[in-house]
Amino acid sequence: MAQVTLNALRKIYPNGYEAVKPASFTIEKGEFVVLVGPSGCGKSTMLRLIAGLEDITDGVLHIGERVVNSIDPADRDIAMVFQNYALYPHMTVRKNIGYGLKNRKIAKDIIHQKVEEAAHLLNLTDYLDRKPSQLSGGQRQRVAMGRAIVRDPLLFLFDEPLSNLDAKLRNQMRIEIKALQRRLGVTSVYVTHDQVEAMTMADRIIVMNGGQIEQIGTPSEVYHFPASTFVASFMGAPAMNLLDASVEQGAVVLGGQTIAALAGHGPVTVGIRPEDIVPDAHGDHAIEVTLIEELGAHRILHAIWAGQPVMVSVAKDVVAAVGPLRVAIKAAALSFFDPRTGRRL
Amino acid sequence: MKPVKFTAIVDHLILITGSLVMILPVVMLLQMASTTDLETMRNGPGLVFGDQIPVNFHKAMFEASGFSGKNTGLNMLYNSMILGFGFAIGKIVIGMMAAYAIVYFRLRFATFAFWIIFTTLLLPLEVRILPSYEIVQKLGMLNTYQGLIIPLIASATATFFFRQFFRSVPEELIEAARIDGAGPIKFFVDILVPLSRTMIAAMFIIMFVYGWNQYLWPTMITTEEGMFTLVRGIKQITQSLEGTNLPEYGKSNILQIIAILPPVLIVIFFQSWFVKGLTDSDK
Amino acid sequence: MAATDLWSPVHIYGGFMKRAGFSTRWLPILLLLPQLSIILIFFYWPAAHAVKSSFYLQDPFGFGETFVGMKNYTALLKSSAYLRSAQFTVIFTLIVTMLSLSLALLLAVKADKVIKGAKTYRTLLMWVYAVAPPVAGVIGLVLFDQSWGPLKDFFGLFGWDFRLGVTYFDTAFAMVVVSVWKQLPVNFIFFLSGLQSIPKSVREAALIDNRSATGRFWDVTFPLLAPTAFFLLIINITYALFDTFGIIDTLAKGEPSNNPMTLVYRVYVDGFRGNDLGGSSAQSVVLMVLVLALTVFQFRMVERRIHYT
């Protein structure tokens, strides 16, 4: 278990492409941090910098007490779970899990014991002598986990480990990984493009975009107080509604109506979560519902509000129909962004 | 249902004809090898098999043709084996090493090395045969196994195949291995080589057949009869059939059959590997 | 050295380096050393040598050489024997390529279609791949033997007095027959694997769209085989040019004088037997240029996307 500190860590490829812009943050001991963002945002590069699979261009990386910038991946005391598991196809499960230990010249009987323990923990005991090709997706995933945990690393790194699984298995493995991490208490960095995974698993989320960190915060902070329009639209499904409005004399005006109070003057982007728009016969605002998406537990109403598309999420027992609808909004749940920079006001 | 049946019969007829065209010529050789030379000289190939195969086989394997008394069938078979195995193993080992260096290392001159190596795919040995001969002569390698094998290895086919294959190995494997503490040599021995087993087998078959069947190069490079391979020896044998009172057809035909048997058997038995290895070059 | 080059030109052109490659310096050089030294000594040196000798005239007894510029090349163009070989090579290559490709395609389509015995047919039709060209040549000698060759007798029934090694046309005919026989298996293997890689769904879609089997073949199957066919075209041209050496040599019975000869065979005959090193080198260089042109053509065609992926 270790604290990980990044100090102005930066990655520029030889052709000049800046994959990670200088990033600084600290991951506390035992913390589960999720790096999330769209593909190409630099989250995987960031993970690979921590792993030592990419050379650090600039900045300082601490894992525990040590500066590890120029230390080989094998000596960083880390373990990594890959997207396609990267199991050695010609080795049995037992050998796959033990390979890293063998390379560290650990005695055979200790390797054996550790592999057995890990297998027991992951329900793999019956499969130890099989080859990866004879396992199901979930089992392979567990072998990859086993390979990581036998090494008692200071740090777990996960690179989109669930993206090759089907939806049902993904939910199950999500819980398993999280539970395992809790139990072992190992500091973890987890990369994903799936915001549901990020929300459900993380102690803290780091949202990245274009090589830059957009926001660092707990899932609740990121969800309720997005730091930018990017975070607002990336986190949460359906995404937060972003509406163009203007600030006039201390009030935010949308479609000729005042919806909240805000100091300043000029255009503003208003962010409202779909569940914060509530159908209410006595509501102040009128929207026009054009389409209803039935999702079982709830419904998504696609509507037009002051000429702009909005989504409204309502519980299954709310009666809704295509046509005009009066709604109320929870003023406290509104977010305001500068339309030019996209930053939160 | 009737027209369907008819086309099926036509299909089979075509395939049977094709198969017969492929097999009959070799059956014919075998038939000729089973009769006496006198019979062959008079009537040529016939329909009935004789009982002379053991006699002819003995002649072919243990009786020397030529002048030095060294090129018995057995000796030629031995030389062919050395050429086939030496060529295949040499090519695979050297090719794998080079492909590994090109694919898995950050080399300053990688691009240069790549082009140097892969240009060799463009020009077969046949077009530079004379200067190659001269150089082998200069190096004093005429009538040696090195002189026979090494110049044939001087093209990058195996390197190319292995490069293709290595590139298809998932990126994460090397990363996982690095985190597992495997250095470049360990990764090669523990992971890449075992992963390439099928590929190595396929390469081996193709290269063995190629080396075994070499004709022009051995014809030029070996003049000592003790160095002749079976395929190289064929020329001398067929030439000796001309202008003799009683040509040794039986012996010659047995030698032809021995010359094709090892590669044919390998190709038939390891068909699936061989086909896979061959058709992967299409990619 | 931070040289992980995910975005370098090398990577864009298909890339031959792994992202997380090792950065050890001495090992890759050591690994490349055997390959590079063999290539330098036995490929680049001879190739350069051939180019150089093509501008020199060798003394037939091995005493020195004189620079003659392009003379060896102009002599080639004036030599009727050389031009005849060139003409024969072109015709020979065309016929062998077309015949072996079309026959192999026919067999592959049938072998892909039949259900019973598919594996047996495959084996029977491919094993000749492993037969050495000179052995194929010897088989030709037997089939066309002057006194009792079965094919010679067969042609005799139609009044064709077949004379291998005597009549130019007859010898050429035998060379074509044997060369096609030897090359059929390779084409068959490639066509069959090409056919088997056509997705089942595509075949089923075609089955619904087109009632006629012939129509389906030409509209769907054949275009999908085009990449394979093109690849094979190049392979076959190379085969007919170079790998038929053993067949030609055997069927000409080592008496090239009156018999048809391919260009590669002539390089050997003029240079090795005739000791005309300069002329033979010039011929080598011409062949090299030919092969390079063929390769450029191949790359061009590949660029034009015969592939449908």
Query raised in the report: Quick one: does I260(B)'s side chain get under 4.5 Å of V128(C)'s, heavy atoms only?
Result: no
Query raised in the report: Which answer fits V135(C), side chain, backbone, both or neither, if we ask what part of it has an atom under 4.5 Å from a heavy atom of chain B?
Result: both
Query raised in the report: Is a donor on one side and an acceptor on the other found under 3.5 Å between the side chain of Y268(C) and the backbone of I129(B)?
Result: no
Report task. Please check if the side chain of N213(B) supplies one atom and the backbone of A130(C) the other of a donor-acceptor pair under 3.5 Å. Result -> yes
Query - Contact origin within V264(C) toward chain B - heavy atom pairs under 4.5 Å - result: side chain
Query - Residue part contacting chain B, namely of L36(C), when any heavy atom lies under 4.5 Å - result: side chain
Query raised in the report: Using the ring of each side chain (for Trp, its six-membered ring), is H12(B) parallel, tilted or perpendicular to Y121(C), with breaks at 30° and 60°?
Result: tilted
Please set out all donor-acceptor pairs under 3.5 angstrom arising from side-chain atoms of residues 92-99 of chain B, sequence neighbours excluded.
none

Query raised in the report: Is the backbone N or O of F42(C) less than 3.5 Å from a side-chain atom of R128(B), with the two atoms forming a donor-acceptor pair by type?
Result: yes
Report task. Heavy-atom distances under 4.5 Å only: say whether I41(C) touches chain B with side chain, backbone, both or neither. Result -> both
Report summary line: Honestly, the part of L107(C) sitting under 4.5 Å from a heavy atom of chain B is both
Query raised in the report: So what's closer than 4.5 Å to chain B heavy atoms on S193(C): side chain, backbone, both or neither?
Result: side chain
